[in-house]
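A note on names: the letters A, B, ... follow the listed sequences, proteins ahead of strands, and every chain is numbered from 1. Both backbone and side-chain heavy atoms feed into the values below; hydrogens, waters and symmetry mates do not.
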2 protein chains.
Amino acid sequence: MCKQCNYETLLSAARLDATDNRLRVLEVIGNNSYPLSAADIFKTLDRTYRINRVTVYRILDLLVEHELVDRISTGGRAFYYGMAPNAHHHPHPHFYCKRCGQMDCLTPDSLNVDSEALWKTFPGRIDKVEVRVDGICKNCMK
Amino acid sequence: MCKQCNYETLLSAARLDATDNRLRVLEVIGNNSYPLSAADIFKTLDRTYRINRVTVYRILDLLVEHELVDRISTGGRAFYYGMAPNAHHHPHPHFYCKRCGQMDCLTPDSLNVDSEALWKTFPGRIDKVEVRVDGICKNCMK
DNA sequence: GGCTTCAATGCAATAAATTTGCATCAAAGT
DNA sequence: ACTTTGATGCAAATTTATTGCATTGAAGCC
C-alpha cells in the first residue's frame, strides 16, 4: 500500500499521458503490498471497469520500459509486477512460494547484498540486481 | 566446463538410472560454462543423437527435482539450466543480457550476499536464494 | 524360452503466458 | 471539416512447457 506516491505525477514525470487505464494499472500495483501477475491485475481491473487483457500487457510493458514498474521473475512461468524503486520504494528482495505462487516483499535489509564492486568492474551495463528467495511459505507449510 | 564432476556418479548418488539421455543432458549442462535453455540443450543433443524435445524437458524436471541441476529464471520467458550447487559448484549470481539473451555466471563473491539472518528468522522453508544481474553485455554494448 | 512388468522415451495434442497485426475510435492539430 | 496520432480492442499467432497415450526394451519370474 502506498500512500505517498501520486500516480498522475509519476506518469507525467515519465512524460506519459495519464490515461484512465494507465492510472488504474499503476494504482492496482502501487496499492498492493506484494507484486502481482499480469493476470491478477487484469482480473482486478476487468471486474470493475472492463479492460482488454492485451491493453494490460501493453501498459505493463510501457510502465516497465519507463521504470515506473518493476518486472520481477518468479520460480514459475509468469512475471510479477511491483513498483519500481523510487523515493518511496527502495529495492528489496522477494520471496516466492513455489507451492501457492504467492510472492512477498522482504525488507530491504533482510538480505544484505553488496554489489558495489560489481558495478565498478562489470564490463557492460547493469540495469538491476534481482534477489529472489524461493521456498515454501508459512501457510503452505502447515 | 567441469572436469571434476563424474556424471554417472552424480546420477547414481541421486538413485537415478544413468540412461544415455540423462547422461547426455547432464554433460551438456555440466560441460558448458554458462547456463543453457531447454531449447539450447535440445538443439545440441538432437544434432548428434536424435532425441525428443519432451524427453529433454522431462529429464530436466527430474534433474532439478533431484537437485543435480539448477533451474534459473531469466529476465526473459524461458528458464535456463546450470549445475546445482555441489562440492565442485558453489552458488553464484548470474548476469542476463536482455539484448541477446546470453546468461553468464559471475564469480561466487562478485556480489556479497549475506542471507544468514534471513535463514534464521524466516517463518517458512527457504530452498534457495537466486541473485540475477540484468543489463546489457559487453558485446551488445558496441 | 515365453510372459509380465515397468521405466524411459517418443509423438501428438494441449495449455499458459505473452505478443503481433490490424481495425477502431477519440482527442489534438491544422 | 480533415488529418494525424496515440490508446485501445479483438482475433490470431508465438513461445515455452506440459499432458495423455502408445511403443519399446530390459529385468524379473514361472
**Q** Take B/Asp61 and B/Arg71 through the test salt bridge (charged side-chain N to carboxylate O under 4.0 Å, His left out) and record every step on the way to the result.
**A** CA-CA 9 Å; B/Asp61 284 349; B/Arg71 191 197 308 267; 3.4 Å; yes
**Q** Whole angstrom is fine here: how far is it from CG in A/Asp40 over to P in C/dT18?
**A**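 Rounded to whole Å, this separation is 11 Å.
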**Q** Hey, can you tell me if B/Tyr80 and B/Tyr96 have their rings parallel, tilted or perpendicular (30° and 60° cut-offs)?
**A**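 Correct class here is perpendicular.
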**Q** Between B/Ser73 and B/Glu130, which heavy-atom pair has the shortest distance, and what is it?
**A**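 Where B/Ser73 meets B/Glu130 most closely, the heavy atoms are OG-OE2, 2.6 Å.
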**Q** Does anything in residues 14-26 of chain B come within less than 4.0 Å of DNA chain C? Heavy atoms only, and list the residues if so.
**A** B/Thr19, B/Asn21, B/Arg22
**Q** How many angstroms lie between atom CG of A/Asn139 and atom SG of A/Cys97, to the nearest 0.5 angstrom?
**A**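 SG of A/Cys97 is found 8.5 Å from CG of A/Asn139.
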**Q** Are A/Ile41 and A/Met103 connected into the same hydrophobic cluster when the rule is that any two of I, L, V, M, F, W, Y join if their side-chain heavy atoms are below 4.5 Å apart?
**A** no
**Q** Indicate the atoms forming the closest heavy-atom contact of B/Arg99 with B/Cys140, along with that distance.
**A** NH2-O, 3.5 Å
**Q** Identify whether any heavy atom of A/Ala39 sits under 4.0 Å from a base atom; if not, whether one sits that close to sugar-phosphate; answer base, sugar-phosphate or nothing.
**A**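 The answer is nothing, as A/Ala39 stays clear of every strand by at least 4.0 Å.
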**Q** Hey, where on DNA chain D does chain A first and last touch, going 5' to 3'? Cut-off is any atom under 4.0 Å from a heavy atom.
**A**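 First and last nucleotides in contact are D/dA7 to D/dT18.
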**Q** Quick check: closest heavy atoms across B/Ile72 and B/Gly82, and the distance to 0.1 Å?
**A**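 Looking at all heavy atoms of both residues, the closest pair is CD1-N, 4.0 Å.
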**Q** Check whether any side-chain heavy atom of B/Val131 lies under 4.5 Å from a side-chain heavy atom of B/His92, and answer yes or no.
**A** no
**Q** Check residues 8-18 of chain A and write down every donor-acceptor pair under 3.5 Å in which the side-chain atom is one partner and the other belongs to a residue at least two apart or another chain.
**A**
residue : atom : partner : partner atom : Å
A/Thr9  : OG1  : A/Asn6  : OD1          : 3.0
A/Ser12 : OG   : A/Thr9  : O            : 3.2

**Q** Would you name the heavy atoms of A/Tyr7 and A/Leu23 that are closest together and state the gap between them?
**A** CB-CD2, 3.7 Å
**Q** Please give, in whole Å, the distance from C/dT19 C1' to A/Asn52 CG?
**A** 13 Å
**Q** When you check every protein heavy atom under 4.0 Å of nucleotides 21-30 of chain C, what one-letter string (B, S, -) results, 5' to 3'?
**A** B---------
**Q** Of all heavy-atom pairs between A/Asp134 and A/Gly75, which one has the smallest distance, and what is that distance?
**A**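 Of all heavy-atom pairs spanning A/Asp134 and A/Gly75, the closest is OD2-CA, 4.2 Å.
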**Q** Looking only at heavy atoms, which two atoms of A/Leu118 and B/Ser110 are closest? And how far apart?
**A** CB-O, 3.8 Å
**Q** Checking A/Asp127 now: which residues fulfil salt bridge (charged side-chain N to carboxylate O under 4.0 Å, His left out) with it, not counting sequence neighbours?
**A**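 Scan of A/Asp127 (salt bridge (charged side-chain N to carboxylate O under 4.0 Å, His left out), adjacent residues dropped) gives A/Arg125, B/Lys98.
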**Q** Answer yes or no: does a side-chain N or O of A/Tyr57 lie under 4.0 Å from OP1 or OP2 of C/dT18?
**A** yes
**Q** What parts of residues 59-79 of chain A reach DNA chain D, counting only heavy atoms under 4.0 Å away?
**A**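 Here the set is A/Ile59, A/Arg77.
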**Q** Please compare B/Ala38 and A/Arg50 by the position of their nearest nucleotide in DNA chain D and report the one closer to 5'.
**A** A/Arg50
